[in-house]
2 protein chains.
Amino acid sequence: MARPRTRLLDRDRITIGALELIDRDGDFTMPGLARHLGVQVSSVYHHVPGGRNEVIEMVRVRVTNRVDGSAFDHLPWEEALPVWGRSFLAAFTAHPFAIRLLATEPVRDPSLIAVYSSVAAGLRRAGFPDDQIIAVITAAENFFVGSALNMTAPDIMVTPSSDGDADLLAALRAAPHGAGRAKLAFDVGIRALIGGFRDMLDEHRLSDHKPDPSDTG
Amino acid sequence: MARPRTRLLDRDRITIGALELIDRDGDFTMPGLARHLGVQVSSVYHHVPGGRNEVIEMVRVRVTNRVDGSAFDHLPWEEALPVWGRSFLAAFTAHPFAIRLLATEPVRDPSLIAVYSSVAAGLRRAGFPDDQIIAVITAAENFFVGSALNMTAPDIMVTPSSDGDADLLAALRAAPHGAGRAKLAFDVGIRALIGGFRDMLDEHRLSDHKPDPSDTG
DNA sequence: ACCTGAACACCGTTCAAGT
DNA sequence: ACCTGAACACCGTTCAAGT
């Protein structure tokens, strides 16, 4: 039984198994993963020399692979941005616990380069200045990451201890609860970002190189 | 020596010790913390019954205590928002490794309620609709959390593998590197959010209850 | 190459025992 | 109340040994 005729393990099965445990328990251990896969821990190490950290990286790549920036290839950037953002959110809401394990380290995977390439190309075509494109992408993604983390957070609860909390209490009363809370925050944020980026783009267009055809100056 | 005449330990010293280890190593263990404090592990547990999780929560409270929303008490919201955001960033850049340990769980501390109260009151005074205030606060904070996580991330490196990466490469070449990268992304994002929130506010003012005094309607 | 079985250092937590 | 010392179950990782 030391070398079975049919492969018991490969990196894909290990990744999926770890993701199953994360979805079930919110975390995973190497012995737990091996048990889940019906093998010994040392067998897992044979396929994943980097150990637990590498398993987490593999899960990270698998989850973020569903992030899709291709909307920038065929839509105006104002429409593509929320599509990109929603695919980001969807990738992590499909594995609500995973974000807490994955968000703390940036993804360093070729498949994400394709996403950034589409977004950068779209923004460049729209006329965003070269030296701000990475900043725009990063700002949007920072908002997405924070939003994904926030999706798993419980509602804020405030006991009206101090008198100064009246406004906060009124706002909390008027705000949606449960699942709608995080969704509204995402919608409000992405709309604000798009509006703000549009202003930035208009300013640059007025002051700079690429004059609007209808411009008399 | 079982009960020293002078206290060796208290919750504050434990919190500070843990933060020192996090700043030094990026993480901490309970035995390591005890060693750092010159006591036995079980002594730490006497002061912190909740164990490691509670220590992390104590560190979280201590770090986030430096977040300050009081700018909303005496400044227009457009100026107060970046001040709040920068205090948030500063709290975590003072402990760069801490964010990775702390961001994955929301803070549930009375001192943060005061921050939210100031922000909510300021936004309400400015005329933001009650049912959107929590969403605005959450959206901003999500951006801050993502930005704080991003501060510790290394620069994106792209090897020009595919031809489709030309735009991305141009953007990366034109973007600032090192410390300026995350800072520019934060500035761009916060400016965009303010602009977008202002549009939202104007729309609401035009369509709704609070007419502008100079309005003839 | 692929898997087993046993081992090692270390971690989080507990608890009886001291003052 | 506050701290010690020893213990327990468990984790991440390694390595010689089998086919």
Side-chain angles (χ1 to χ4, degrees), chain A residues 1-62 97-98 100-105, chain B residues 1-62 97-98 100-105:
Chain A
M1 242 286 238
R3 193 189 196 285
R5 40 168 55 137
T6 67
R7 260 175 169 283
L8 292 180
L9 228 50
D10 57 55
R11 292 172 62 91
D12 237 45
R13 261 183 277 233
I14 292 171
T15 310
I16 294 171
L19 194 47
E20 284 168 355
L21 290 182
I22 292 171
D23 288 342
R24 203 188 63 189
D25 307 330
D27 205 352
F28 78 99
T29 68
M30 294 299 277
L33 176 55
R35 212 176 307 126
H36 184 64
L37 295 168
V39 298
Q40 296 291 326
V41 212
S42 39
S43 311
V44 178
Y45 277 86
H46 180 258
H47 293 269
V48 188
R52 186 168 194 271
N53 281 340
E54 192 175 347
V55 174
I56 292 177
E57 177 62 25
M58 284 154 60
V59 172
R60 195 189 338 272
V61 168
R62 174 168 256 267
F97 291 122
R100 296 201 252 173
L101 215 60
L102 307 181
T104 56
E105 209 81 26
Chain B
M1 238 287 236
R3 192 189 197 284
R5 41 166 54 136
T6 67
R7 259 175 170 284
L8 292 180
L9 228 49
D10 57 55
R11 292 173 61 91
D12 237 46
R13 261 183 277 233
I14 292 171
T15 310
I16 294 171
L19 195 45
E20 285 168 355
L21 291 183
I22 291 171
D23 288 343
R24 201 188 63 189
D25 308 329
D27 205 350
F28 78 98
T29 68
M30 294 299 277
L33 175 56
R35 212 177 307 126
H36 184 64
L37 295 168
V39 297
Q40 295 293 326
V41 212
S42 38
S43 311
V44 178
Y45 277 85
H46 180 257
H47 292 270
V48 189
R52 187 168 193 270
N53 281 339
E54 192 175 348
V55 174
I56 293 178
E57 177 62 25
M58 285 154 60
V59 172
R60 194 188 340 269
V61 168
R62 175 168 255 268
F97 291 120
R100 295 201 253 172
L101 216 59
L102 307 182
T104 57
E105 209 80 25

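Throughout, protein chains are lettered first and strands after them, A, B, ... in sequence-line order, and every chain is numbered starting at 1.
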Open item on the list: If you assign A:Ser42 and B:Ser43 each to the DNA chain D nucleotide with the nearest heavy atom, which residue ends up on the more 5' nucleotide?
Closed with: B:Ser43
Task: Atom-to-atom span, CG of A:Asp27 to C1' of D:dG12 - whole angstrom - done: 13 Å
Task: Nearest-0.5 Å distance, CZ of residue B:Arg60 to CD of residue B:Glu105 - done: 5.5 Å
TODO: Could you state the atom-to-atom distance from CG of B:Asp25 to C1' of C:dC10 in whole Å?
DONE: 15 Å
TODO: For residues B:Thr29 and B:Gly32, report the shortest heavy-atom separation together with the two atoms involved.
DONE: OG1-N, 3.0 Å
Open item on the list: Distance check needed: D:dC2 P versus B:Arg7 CZ, whole Å only.
Closed with: 4 Å
- [ ] Measure the CG-CZ distance between B:Leu19 and B:Arg24 for me, rounded to the nearest 0.5 Å.
- [x] 12.5 Å
Open item on the list: Could you tell me if the side chain of B:Phe28 sits less than 4.5 Å from the side chain of B:Val55, heavy atoms only?
Closed with: yes
Open item on the list: Can you measure B:Leu9 atom CG to D:dC3 atom P for me and round it to whole angstrom units?
Closed with: 6 Å
Task: A:Leu102 CG to B:Thr104 OG1 distance, which is reported to the nearest 0.5 Å - done: 11.5 Å
Open item on the list: Please report the distance, rounded to the nearest Å, between CG in A:Leu21 and P in D:dG12.
Closed with: 11 Å
TODO: Please report the closest heavy-atom contact between B:Val59 and B:Ala18, naming both atoms and the distance.
DONE: CG2-CB, 3.9 Å
Task: Interface with DNA chain C, restricted to residues 45-61 of chain B and to heavy atoms under 4.0 Å - done: B:Tyr45, B:Gly51, B:Arg52
Task: Of residues 33-41 of chain B, the positions that come close to DNA chain D - non-hydrogen atoms, cut-off under 4.0 Å - done: B:Val39, B:Gln40
TODO: May I ask you to test the A:Phe97-A:Leu101 pair for a side-chain heavy-atom distance under 4.5 Å?
DONE: no
- [ ] Please state how far atom CZ in B:Arg11 lies from atom P in D:dC3, giving the value in whole angstrom units.
- [x] 14 Å
Task: Runs of at least three Watson-Crick or G-U pairs with DNA chain C, cut-off 3.5 Å - done: C:4-8 with D:12-16, C:12-16 with D:4-8
Open item on the list: Can you identify which nucleotide, out of D:dG12, C:dT13, D:dT4, has its nearest atom closest to the A:Thr29 side chain?
Closed with: D:dG12
Open item on the list: Under the criterion side-chain contact (heavy atoms from CB on, under 4.5 Å), I'd like the reasoning laid out for A:Glu54 against A:Arg11: C-alpha separation, chi angles, the key distance, then a yes or no.
Closed with: CA-CA 10 Å; A:Glu54 192 175 347; A:Arg11 292 172 62 91; 3.0 Å; yes
Open item on the list: Could you go through B:Arg52 and B:Leu33, starting from their C-alpha distance and side-chain angles, then the distance that decides it, and tell me whether this counts as side-chain contact (heavy atoms from CB on, under 4.5 Å)?
Closed with: CA-CA 10 Å; B:Arg52 187 168 193 270; B:Leu33 175 56; over 6 Å; no
Task: Cationic N near anionic O, under 4.0 Å, A:Asp12 to A:Arg62 - done: yes
Open item on the list: Testing the basics here: between A:His47 and A:Leu9, what is the closest heavy-atom pair and its distance to 0.1 Å?
Closed with: CE1-O, 3.3 Å
